[in-house]
Number of protein chains: 2
Amino acid sequence: MPTSDPAPDTEPAAQMPFAAPRPRSGKVRGSVMRDVAKLAGVSHQTVSRVINDHPNVRAETRERVLAAMRSLNYRRNLAARTLATRESRTLGIIGFETTLFGPESMLYGIESAARAAGYLVSVATVRELAHQPVLEAVDRLAQHDVDGIIAISPKPAVTNALTHAPTGLPCVAVGGAGSGADPFPTVRVDNATGARLATQHLLDLGHATVHHAAGPPDWPEAQARVDGWRDTLYAAGAVVPPVTPGWWDAAAGYEQGRRLAADPAVTAIFCANDRIALGVLRALHEAGRRVPQDVSVVGFDDMPDSGYFHPPLTTMHQDFGELGRRALSLLLNHMSQVDGNTPPSHVLVVPEVILRSSTAPTR
Amino acid sequence: MPTSDPAPDTEPAAQMPFAAPRPRSGKVRGSVMRDVAKLAGVSHQTVSRVINDHPNVRAETRERVLAAMRSLNYRRNLAARTLATRESRTLGIIGFETTLFGPESMLYGIESAARAAGYLVSVATVRELAHQPVLEAVDRLAQHDVDGIIAISPKPAVTNALTHAPTGLPCVAVGGAGSGADPFPTVRVDNATGARLATQHLLDLGHATVHHAAGPPDWPEAQARVDGWRDTLYAAGAVVPPVTPGWWDAAAGYEQGRRLAADPAVTAIFCANDRIALGVLRALHEAGRRVPQDVSVVGFDDMPDSGYFHPPLTTMHQDFGELGRRALSLLLNHMSQVDGNTPPSHVLVVPEVILRSSTAPTR
DNA sequence: CAGAAACTTGTTACCGTTAACAAACAGACC
DNA sequence: GGTCTGTTTGTTAACGGTAACAAGTTTCTG
């Protein structure tokens, strides 16, 4: 539709020695702000104002600019914007390079919330949750001008590295377990309480004590679950069986399960996560111990398919997507506070028991 | 360490009306190229040359510049580089917003390979694998100047949208199933062959025919598995049982399993993935059908824990991480070809049978 | 040893956007 | 009517790099 006559190009016609505006390297170029401005008969700054919703633009002018933008299919160049504003509208996620269920679910929660807030997320995974690799990941993200960082399910080494990172980027940690006095905001699952609930559930069913199939001892989450379990047993005056170090997967659970299945005194097992529980169930079955008739088993995480284990698993539910979303909101909040000295918020989410068929009263 | 005397600042001392170099908004600024140049006593262009490994820099000069960079802890600003070169060294991943095992494993494969190649990856997930959401995702990635895009496990709607995206970004697709004549490179699993191998394995064990617990019919991967299964039965002259639509999780598998368990003629089931198999196993067990004595079950994917199912699952192995790596290498290759008209490469990976305990000969 | 070729280095323009300032124009008030 | 605010718009200068060209050095030739 014809709007108004485009203003004449006000640039000086002749340039320096070399004149022709030769194209730079490769790639098709879309239209830029200047093109829109020319078509709408305004200055590029006015176009910028329209894009950024500045209040002082006449309604009629705004319409004209918007029309021009549409007709040219204009898209603002974020690199230029980033350069000018030092704000990239990109967030960095530091994750652990493996296929653990929790971290991945969080990623999606974070991403969709970030999208809603107008941010893109970039991921930097580390092969090992140690100081040096994390510093490198932060560095990589910082070079790409991320506005903030979320560290997923970190061990202390990670939060340490984050605090000491040279870049002054806002960070939040989600998952893991912490002192409660971390220098930046955290969103955490109350693993100790979760473990307490699980253990108490088993005690309430009449079991004399509860054994534990633990996760990796150097993961705070695993350690907190051990602590909660042990505390509950102490409080109940029950015997505290020994714990052996494990890992997060079914293979490790199977190893632990074989050990436990061999001991006829074992009637209840609290597993550090559902995958471990799967391995434990397998070992119990192979040993001829029936679940839940002979042994009760509780997991942790409530993975999507744990209701279809053999038998369906009683477990502690965690909403990882929700954790991710809350972490993001904390980060955005943190970012908007212009380096105020407000103390970091700490969100703690308590998991809940999901009763299924892997637990039963003792006879 | 003292190197050489810094050259005098060659800039004109007096500027226009306002003089003082007032700082812009927020955030701490690191040193920039000019600072390094001044400290090393060279021009900023020379610093640029050093960073970009240009050959024509005197060794002594290079050393001086590198020392200056180190002492200032210099980090190049990628936004500025992107603006000047139109190359961001960032790749975009389009994924499906859910917790499917395959896609996530691919993400890690891609990310680590991308890191090695000097790229950062940004993810854009879509809630639904349809035309419009995918276009939006592409748009978001394009705005952030990604250099290329990998679409994970797409349905035809995705590849279609990708082909019609207005941006001329290089794309590759990984996963899914395609015509073999897609307009861009693909890395795919040979689902049909995998299904054939699985089905043949069951036929070879003496089963009269093989039933199928299918995935979602609008996913090409699921469809290809149906096709491979059906073809094998035809070729063997076996009866082809009906197929009902499903989904990728254990709940859907359970539904299908209940139907199949009720039919005494069913002695062998090929499941579209391991999670479905888990549900099927559950349903069979509840119906009192023993696996593998009464019914043999085969899965697809070889998820990390499927060896601990009840019983350990015979399944088709896929290396998702490897798929991701190969997709990345295809993308980089594609990007380096200056819009040549070379036909797109298509990689096809054949999954292999992993024998475990869920299959047995008929008696 | 002169001239050419190759190697180094510096200068200037430009990538596309936002920030800061200035100017033009309107309405309000005395 | 003139000054005084406030709104709207334009002009110029960054932001921090790379590209293109020019110019000054060497080093190689014959």
Side-chain angles (χ1 to χ4, degrees), chain A residues 7 10-12 15-27 29-38 40-62 64-65 74-89 143 145, chain B residues 7 10-12 15-27 29-38 40-62 64-65 74-89 143 145:
Chain A
T10 52
E11 294 171 43
Q15 299 237 333
M16 284 294 86
F18 27 81
R22 59 265 124 92
R24 289 274 185 117
S25 60
K27 274 196 187 175
R29 320 208 76 141
S31 48
V32 302
M33 212 174 249
R34 193 159 9 110
D35 305 329
V36 175
K38 208 196 296 196
V42 298
S43 76
H44 67 110
Q45 181 58 39
T46 297
V47 176
S48 173
R49 291 198 181 96
V50 170
I51 291 182
N52 293 304
D53 278 324
H54 267 254
N56 296 342
V57 178
R58 198 149 44 104
E60 191 259 332
T61 309
R62 163 174 288 117
R64 205 141 37 93
V65 168
Y74 170 76
R75 218 169 272 170
R76 127 167 101 187
N77 182 318
L78 270 183
R81 180 182 195 276
T82 300
L83 183 56
T85 63
R86 308 190 83 27
E87 193 200 69
S88 64
R89 302 205 72 80
Q143 271 209 25
D145 293 300
Chain B
T10 52
E11 294 172 43
Q15 298 238 334
M16 283 295 89
F18 29 80
R22 59 263 125 93
R24 287 279 185 113
S25 60
K27 273 195 185 177
R29 318 211 75 143
S31 48
V32 301
M33 209 174 251
R34 195 161 4 116
D35 305 330
V36 176
K38 210 196 292 195
V42 298
S43 74
H44 65 114
Q45 180 58 42
T46 297
V47 177
S48 173
R49 291 198 181 95
V50 170
I51 291 181
N52 294 303
D53 277 324
H54 268 254
N56 296 342
V57 179
R58 199 150 42 107
E60 192 259 332
T61 310
R62 162 173 288 117
R64 206 141 37 92
V65 169
Y74 170 76
R75 219 168 267 172
R76 128 165 99 186
N77 182 318
L78 269 184
R81 181 183 196 275
T82 300
L83 184 56
T85 62
R86 308 192 87 19
E87 193 199 68
S88 64
R89 302 203 74 80
Q143 272 209 25
D145 293 299

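Residue numbering restarts at 1 for every chain, and letters A, B, ... go by the order of the sequence lines.
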Nearest atoms (heavy-atom pairs only) where Y74(B) meets V32(B): CE1-C, 3.5 Å
Between CG of N77(B) and P of dC15(D) the distance, given in whole Å, is 11 Å
In whole angstroms, how far is the C1' atom of dA13(C) from the NE2 atom of H44(B)? 10 Å
Quick test: give all pairs of protein nitrogen or oxygen and nucleotides 7-9 of chain C nitrogen or oxygen below 3.5 Å, distance rounded to 0.1 Å.
{"from": "dT9(C)", "atom 1": "OP1", "to": "R58(B)", "atom 2": "NE", "distance (Å)": "3.2"}
{"from": "dT9(C)", "atom 1": "OP1", "to": "R58(B)", "atom 2": "NH2", "distance (Å)": "3.1"}
{"from": "dT9(C)", "atom 1": "OP1", "to": "T61(B)", "atom 2": "OG1", "distance (Å)": "2.5"}
{"from": "dT9(C)", "atom 1": "OP2", "to": "R58(B)", "atom 2": "N", "distance (Å)": "3.0"}

For R64(A) and A40(A), indicate whether the former's side chain and the latter's backbone hold a donor-acceptor pair under 3.5 Å. yes
Measure from CG on L83(A) to P on dT18(C) and round the result to the nearest Å. 11 Å
Tell me which nucleotide among dT18(C), dT18(D), dG17(D) gets nearest to the side chain of R81(A). dT18(C)
Nearest-0.5 Å distance, CG of residue N52(A) to CD of residue Q45(A): 8.5 Å
Just how far, in rounded Å, is P of dT18(C) from CG of D53(A)? 12 Å
In whole angstrom, give the distance that lies between atom NE2 of H54(B) and atom P of dG10(C). 15 Å
Whole-Å distance, K38(A) NZ to dT11(D) C1', equals 17 Å
What integer distance in Å separates Y74(B):OH from dG17(D):C1'? 7 Å
Degree of bending, the helix from dC1(C)-dG30(D) to dC30(C)-dG1(D) (end axes from five pairs; round to 10°): 40°
I need the minimum non-hydrogen distance between L83(A) and N77(B), along with the two atoms involved. CD1-ND2, 4.2 Å
One should read off an interatomic distance between Q143(B) CD and R75(A) CZ, to the nearest 0.5 angstrom, of 7.0 Å
What's the spacing between R62(A) CZ and N56(A) CG if we round to 0.5 Å? 9.5 Å
Return no unless some side-chain N or O of R76(B) is found under 4.0 Å from OP1 or OP2 of dT18(D). yes
What is the distance from CD1 of I51(A) to C1' of dT17(C), rounded to the nearest Å? 9 Å
Check for a donor-acceptor pair, side chain of S88(B) on one end and backbone N or O of D145(B) on the other, with a separation under 3.5 Å. yes
Of the non-hydrogen atoms in S43(A) and A37(A), which two are nearest, and what is the gap between them? C-CB, 3.7 Å
Enter the distance from R89(B):CZ to L78(B):CG here, rounded to the nearest 0.5 Å. 9.0 Å
Which nucleotide in dG16(D), dG17(D), dA19(C) has an atom nearest any side-chain atom of Q45(A): dA19(C)
Measuring from the side chain of N52(B) (C-beta onward, heavy atoms only), which nucleotide among dT18(D), dC15(C), dT17(C) has the closest atom? dT18(D)
